[in-house]
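Reminder, nothing fancy here: chain letters follow the sequence lines and each chain counts from 1. What's counted below: heavy atoms across the whole structure, side chains too, no hydrogens, waters or symmetry copies.
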Number of protein chains: 2
Amino acid sequence: MPTLKLMDVKSRGLGGLDGILGFHLRLAHGAVYRHFTETFANLDLTQKQVSALWLAAEEPGISQVELGRKLSMDRATTMTIVNRLQDRDFVRRERSDSDGRKQALHVTPTGLAALDEAKVCIAEHEKWLKARFTAAEVEKLVEMLTRIHE
Amino acid sequence: MPTLKLMDVKSRGLGGLDGILGFHLRLAHGAVYRHFTETFANLDLTQKQVSALWLAAEEPGISQVELGRKLSMDRATTMTIVNRLQDRDFVRRERSDSDGRKQALHVTPTGLAALDEAKVCIAEHEKWLKARFTAAEVEKLVEMLTRIHE
DNA sequence: GGGCGATTGTATGCTCCACTAACGATTAGG
DNA sequence: CCTAATCGTTAGTGGAGCATACAATCGCCC
């Protein structure tokens with residue numbers, strides 16, 4: 001038996017870590033995150049910002065807490081996201097008339113234009129991501145991921 | 001047709017975002033990340049640190065670049081991870097004798113003990129995560145996630 | 001209707017992670 | 001032997017998550 005140390009691990013060589021589901025989830029997330037960042041480099045938008053902008057556009061007048069809840073962010077984190085979007089004139093805050101505690105978020109025309117651009121990039125990004133799966137697999141994957149995060 | 005605006009979106013209310021695979025991946029990652037952090041609060045270890053420690057233990061003498069490659073981290077990020085592990089006396093750096101540029105990483109007995117503790121927590125964490133899937137589903141999920149990150 | 005607890009927004013500060021750019025040391029190859 | 005590539009290291013930037021604290025507002029209960 002000659003030395004076959006290099007055969008002990010598979011090509012990537014992750015050893016026992018290879019059986020950890022959470023580990024693969026983190027690596028996959030990282031890979032997608034990297035590709036996303038590349039795709040959105042010229043738009044200068046992050047995943048969070050796009051998600052928040054998208055949601056705010058779909059639900060005009062949504063409060064920050066509600067936005068944060070849907071994206072699983074706490075209030076402080078939501079603040080920084082909304083702040084950045086507001087600094088770039090993508091959304092504006094407006095005191096809710098029905099509840100004085102809430103800020104009603106509204107997407108500006110500038111923000112809508114940015115969102116339209118972003119959606120094109122998202123489509124491209126999703127195409128890259130989904131290219132490795134069949135439609136049925138994508139559906140199954142989304143369903144399983146949903147079981148994790150919902 | 002009365003107003004059924006509230007029926008337009010599903011319970012979570014994600015609207016068009018619901019069809020985006022990358023979005024679900026990010027949410028799922030976030031949920032797992034949160035649970036991981038809870039589970040490891042007393043050990044004061046992060047996912048990255050555990051992964052790095054685990055890998056270093058399985059491949060004694062591994063170089064930092066190699067470690068970073070397997071965990072998809074660049075050199076700078078790997079540095080900060082290894083620094084933290086070294087500060088806590090979990091690993092030690094040793095100049096490689098075969099290649100003067102490389103640092104050979106070795107896990108200390110202290111680090112091994114911490115890793116053993118961590119593996120118990122990992123098992124618990126994985127159990128929580130996998131509870132929502134059948135064994136076949138877990139296998140399929142890992143396989144699909146691998147297609148994304150490899 | 002008055003007070004109290006809950007909710008919301010906000011500000012501050014900490015930690016972690018990822019990336020870039022630079023520099024020095026070392027190695028490998030033409 | 002000299003040049004290009006690799007590796008470790010440092011410093012700086014930015015996004016994101018979280019805890020805490022505080023003020024304003026709302027809802028509810030007595």
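- Nearest to the side-chain atoms of B:Gln49 among the listed nucleotides C:dT12, C:dC17, D:dT10 stands C:dC17.
- Ring geometry for A:Phe36 versus A:His125: interplanar angle over 60°, hence perpendicular rather than tilted (30 to 60°).
- Mapping A:Arg34 and A:Asp99 onto DNA chain C via the closest heavy atom, the residue that lands nearer the 5' end is A:Asp99.
- With DNA chain D read from its 5' end, the first of the two nearest nucleotides for B:Val65 and A:Asp44 is the one closest to B:Val65.
- Spacing between atom CE of B:Met73 and atom P of D:dG8 amounts to 12 Å, rounded to whole angstrom units.
- Interatomic distance, A:Lys119 NZ to A:Leu112 CG, rounded to the nearest 0.5 Å: 8.5 Å.
- Comparing A:Gly100 and B:Arg75 along DNA chain D, the residue whose closest nucleotide (by nearest heavy atom) sits nearer the 5' end is B:Arg75.
- Heavy-atom nearest nucleotides on DNA chain C were determined for A:Arg93 and for A:Arg26, and the one closer to the 5' end corresponds to A:Arg93.
- Side chain of B:Arg92 to backbone of B:His106: no donor-acceptor contact under 3.5 angstrom is found.
- The CG atom of B:Asn83 sits 15 Å away from the C1' atom of C:dT15 (whole-angstrom rounding).
- Within 4.0 Å of B:Thr77, counting heavy atoms only, lies at least one base atom of the nucleic acid.
- Rounded to an integer number of Å, the gap from B:Gln86 CD to D:dT10 P is 10 Å.
- Here D:dG15 presents its C1' atom at 16 Å from CZ of A:Phe40, a figure rounded to the nearest Å.
- The shortest distance between the side-chain N/O atoms of A:Lys102 and the OP1/OP2 oxygens of D:dA24 is not below 4.0 Å.
- Using a 4.0 Å heavy-atom criterion, one finds that A:Thr37 contacts no nucleic acid atom at all.
- Residue contacts for B:Asp74: at a heavy-atom cut-off of 4.0 Å it reaches a base atom on one of the strands shown.
- Note: CZ (A:Arg69) to C1' (C:dT7) measures 14 Å, nearest angstrom.
- Rounded to whole Å, atom P of D:dT6 lies 19 Å from atom CG of B:Leu67.
- Put simply, B:Arg84 has a side-chain N or O that comes within less than 4.0 Å of OP1 or OP2 on C:dC17.
- A close approach under 4.0 Å does occur between a side-chain nitrogen or oxygen of A:Gln103 and OP1 or OP2 of C:dT10.
- Of the candidate nucleotides C:dC17, D:dA16, D:dG8, C:dC17 has the atom lying nearest to any side-chain atom of B:Lys48.
- Other residues, nucleotides and ligands place no more than 12 heavy atoms under 6.0 Å from the CD atom of A:Glu139.
- In this structure, NE2 of B:His29 is placed 12 Å from C1' of C:dC16, rounded to the nearest angstrom.
- The phosphate of D:dT9 (OP1 or OP2) has a side-chain N or O of B:Gln64 nearer than 4.0 angstrom.
- For B:Arg101, whose side chain is taken as the heavy atoms from C-beta onward, the closest listed nucleotide among D:dG17, C:dT26, C:dT12 is C:dT26.
- Using a 4.0 Å heavy-atom criterion, one finds that A:Thr78 contacts no nucleic acid atom at all.
- Taking atom CG of A:Leu105 as the reference point, atom P of C:dG9 lies 8 Å away to the nearest angstrom.
- Rounded to the nearest 0.5 angstrom, A:His29 NE2 and A:Arg34 CZ are separated by 10.0 Å.
- At least one side-chain nitrogen or oxygen of B:Thr46 sits closer than 4.0 Å to the OP1 or OP2 atom of C:dC17.
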Please evaluate residues B:Lys70 and A:Leu17 with respect to the criterion side chain to side chain contact (heavy atoms under 4.5 Å, CB included), reporting the C-alpha separation (whole Å), side-chain torsions for both, the decisive distance (0.1 Å), and the verdict. CA-CA 11 Å; B:Lys70 294 193 176 184; A:Leu17 227 36; over 6 Å; no

